[in-house]
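Okay, structure first, notes after.
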Amino acid sequence: MTSYLVRRVAGALVILMIISAITFYLFYAVPRDPARAFCGKICQPETLTLIRHNLGMDEPLFVQYWHWLVGIFAGRQFVQFGDCPAPCLGYSFATQEPVFSAIVDRFPVTLSLTLGASVVILAFGILTGMIAAWKVGQPLDKIASSSSVIGASLQIYFVGPLLAFYLVDTLQLIPRPSYVPITENPLGWFTHLMLPWVVLSIIFTANYTRMTRSQMVEQLAEDYVRTARAKGMSSRSVFFRFAWRGAMIPILTIFGVDLATLLGGAIITEQTFSLHGIGELAVRAVQNTDLPMLLGVTIVGAAAIVLLNIAVDMLYAFIDPRVRLS
Amino acid sequence: MTTVSWSGEPGTSRGPGPFLSVRDLSVEFSTEDGIVHAVDGLSFDLEKGTTLGIVGESGSGKSVTNLAILGLHDPAHTKIGGEIWLEDQELISASRGSMEKLRGNRVAMIFQDPLTALSPFHTIGRQIGEVYRKHKGASKKEARDRAVEMLRRVGIPQPETRVDHYPHEFSGGMRQRAMIAMALVCDPDLLIADEPTTALDVTVQAQILDLLKELQQQFGTAIILITHDLGVVAGTADNVLVMYAGRAAERGTVREVLREPRHPYTWGLLSSMPRLNSSVDVPLMPVRGTPPSLLNPPSGCPFHPRCDYPKLAGPELCFNQRPSISPETGHGDACYLTLEQKRELRTAKTEDHA
């Protein structure tokens with residue numbers, strides 16, 4: 001188990017290095033010069049050179065990348081901003097703030113949003129899928145199946161403002177979405193994030209309903225389920241004690257893949273509800289050609305996805321004894 | 001689907017009869033293409049402590065019959081008629097709850113492929129133990145001890161450690177032994193073994209069959225052995241039922257059916273089997289054609305399209321009328337040929353072959 005974890009984490013580091021390198025090189029493939037943006041409208045060539053030097057942009061690309069990489073583990077010195085202790089992701093070109101602390105400030109927002117939505121998606125999707133499979137072919141199944149198609153066709157930027165208009169403005173049922181730190185006010189944290197969670201999870205939940213239903217129906221036709229019935233197990237215990245395990249494995253797999261999409265959805269949701277999360281940072285970084293910020297956001301997002309996928313893989317072993325983590 | 005019992009209401013007791021009695025059983029599946037008559041008017045009896053071999057090609061209704069005994073068909077798509085009496089209990093009209101009490105307890109089943117038939121997510125010990133807990137109300141500890149005892153009884157070495165292993169950690173033969181242990185944990189009166197050795201290699205097959213025989217001698221379990229392998233029947237069963245297209249083609253003791261087969265289909269089955277003592281140059285004689293569609297069964301005798309002698313029984317008889325098994329008891333078959341004709345044909349066939 002420990003050796004498995006060590007290997008997975010090492011693999012994750014390699015993946016993150018590749019992702020950061022690609023982002024780094026892609027950034028320079030874009031014909032926009034951040035130094036020129038710094039320089040302003042009337043720009044003297046000397047000033048431009050100086051800015052380039054201060055930003056470290058006069059060095060070869062791989063040297064710049066190397067400095068960036070070393071900065072994460074050992075910290076680095078900037079001419080303009082001074083000392084940047086490890087883990088250093090540099091300073092934003094646009095706002096001059098340290099990238100790492102900017103991300104750390106906003107990370108709880110995105111994390112709350114994504115994890116909360118994950119819980120809603122899995123709990124609600126699996127529950128409705130189970131109900132549909134339990135009542136397969138009956139009205140309840142048809143309602144669950146067809147409403148999941150509707151759910152899957154909705155869009156965050158459409159449902160979000162619509163629900164906000166009705167639930168927040170007109171009916172005043174829930175507070176306007178914002179981020180209240182969970183450490184300060186857990187209830188406030190919950191109520192203020194309720195709407196974003198629901199909106200972010202709507203499209204995904206529908207998929208999990210359909211998937212759970214079809215997986216359960218498939219599992220119920222398996223030989224071992226017939227054996228369980230031949231042993232005298234009641235339909236209910238066959239359903240809840242045998243079949244669900246088999247059904248959960250493909251669902252977990254898809255969930256691992258969906259995490260990246262979910263993070264993408266979180267960015268749109270943050271924009272929709274003006275939540276100050278990583279997504280907002282990312283959008284601004286792209287708009288401002290802000291390489292350090294863009295790299296920082298990319299690498300943190302990628303790290304989150306990779307780590308969560310390791311966690312998902314470890315859940316496999318918990319559900320299916322045939323999976324050995326060694 | 002009316003059930004006419006011999007003495008009053010369904011489920012009530014009746015006079016002494018065979019241990020298991022299947023009377024005029026019919027099983028129909030409704031599919032998108034129409035109604036499949038998987039079993040059509042099948043009757044047979046089984047006595048305590050004996051083994052009945054049910055033989056037939058794929059789709060002849062062997063497994064469907066036995067799933068009907070356990071009540072494992074999906075009621076939404078299946079129509080079951082006739083009667084199944086287990087001592088004094090009628091099973092077709094029995095409630096779901098009473099069938100759940102029966103399954104795994106008085107009637108147990110072993111399936112063909114022990115890898116897919118065992119849950120991959122639970123330990124062998126738990127899968128055996130939960131049957132015991134469910135039916136005998138045993139505690140976790142008692143159930144585990146019982147599972148160890150059962151594993152020992154079916155010849156699994158080191159049962160104390162093996163009990164905590166998962167099916168994928170067992171070999172094919174061991175899995176089938178575990179499956180048998182699971183089936184026998186509540187000392188059932190009737191054990192249905194659906195092709196228990198088909199997925200196993202030949203040496204393991206013999207061990208498993210020996211094990212079943214041994215356990216039968218110890219506990220007096222009645223066994224229904226479903227197989228397409230007449231060799232297995234010859235070595236294991238007391239009585240044989242040859243099924244064709246959801247009906248009984250021939251029935252009798254193993255000696256009767258294998259030594260003096262009467263139905264042309266049984267002849268076909270026997271001559272399609274290789275024999276150790278015959279020359280390798282003698283070609284096998286398979287039954288020509290393919291099993292009939294049960295969606296649209298042939299008129300008359302269901303076997304007539306594949307039979308070599310439909311004209312011998314008289315003009316049009318085999319084509320239009322369905323023979324039923326006769327005589328009522330003992331060695332019987334469902335064929336319009338006279339015993340005399342069958343004897344002659346059989347002698348000619350054997351001489352031909354030699």
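Below, chain A is the first sequence line, B the second, and so on; all start at residue 1. These numbers come from the heavy atoms of this one structure, side chains and all, not from hydrogens, waters or symmetry mates.
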*For atom CZ of B:Phe219, is the number of surrounding heavy atoms from other residues, nucleotides or ligands below 6.0 Å larger than 12?*
yes
*Among B:Ala117, B:Pro167, B:Gly104, B:Gly97, single out the residue with the greatest number of heavy-atom pairs under 4.5 Å to chain A.*
B:Ala117
*Go through A:Ser235, A:Ala228, A:Ser234 and name the one with the most non-hydrogen pairs under 4.5 angstrom from chain B.*
A:Ser234
*For the candidates B:Arg96, B:Lys101, B:His135, B:Met179, which exhibits the highest count of non-hydrogen atom pairs separated by less than 4.5 Å from chain A?*
B:His135
_More than 12 heavy atoms from other groups under 6.0 Å of CD on B:Gln158_ = no
*State the CZ-NE2 distance between A:Arg241 and B:His122, to the nearest 0.5 angstrom.*
6.5 Å
_Is it the case that atom CZ in B:Phe29 sees more than 12 heavy atoms from other parts of the structure closer than 6.0 Å?_
yes
_Under 4.5 Å from a heavy atom of chain A, the part of B:Leu72 involved_ = both
_Which heavy atom of A:Ile249 sits nearest to which heavy atom of B:Phe121, and what is that distance?_
CD1-CE2, 3.8 Å
*Passes side chain to side chain contact (heavy atoms under 4.5 Å, CB included), B:Glu130 versus A:Lys231? Steps please.*
CA-CA 9 Å; B:Glu130 81 190 335; A:Lys231 291 197 294 193; 2.9 Å; yes
*State whether the number of non-hydrogen atoms from other residues, nucleotides or ligands found under 6.0 Å of A:Phe240 atom CZ is greater than 12.*
yes
*What closest approach, in Å, do A:Pro321 and B:His168 show between heavy atoms, and which atom pair accounts for it?*
O-CE1, 3.5 Å
*Identify the two heavy atoms, one from B:Leu70 and one from A:Ala230, that lie closest to each other, and give their separation to 0.1 Å.*
CD1-CB, 4.3 Å
*Which of these passes side chain to side chain contact (heavy atoms under 4.5 Å, CB included) with A:Thr227: B:Met109, B:Gln127, B:Met182?*
B:Met182
*Closest heavy-atom contact between A:Arg229 and B:Arg103?*
O-NE, 2.9 Å
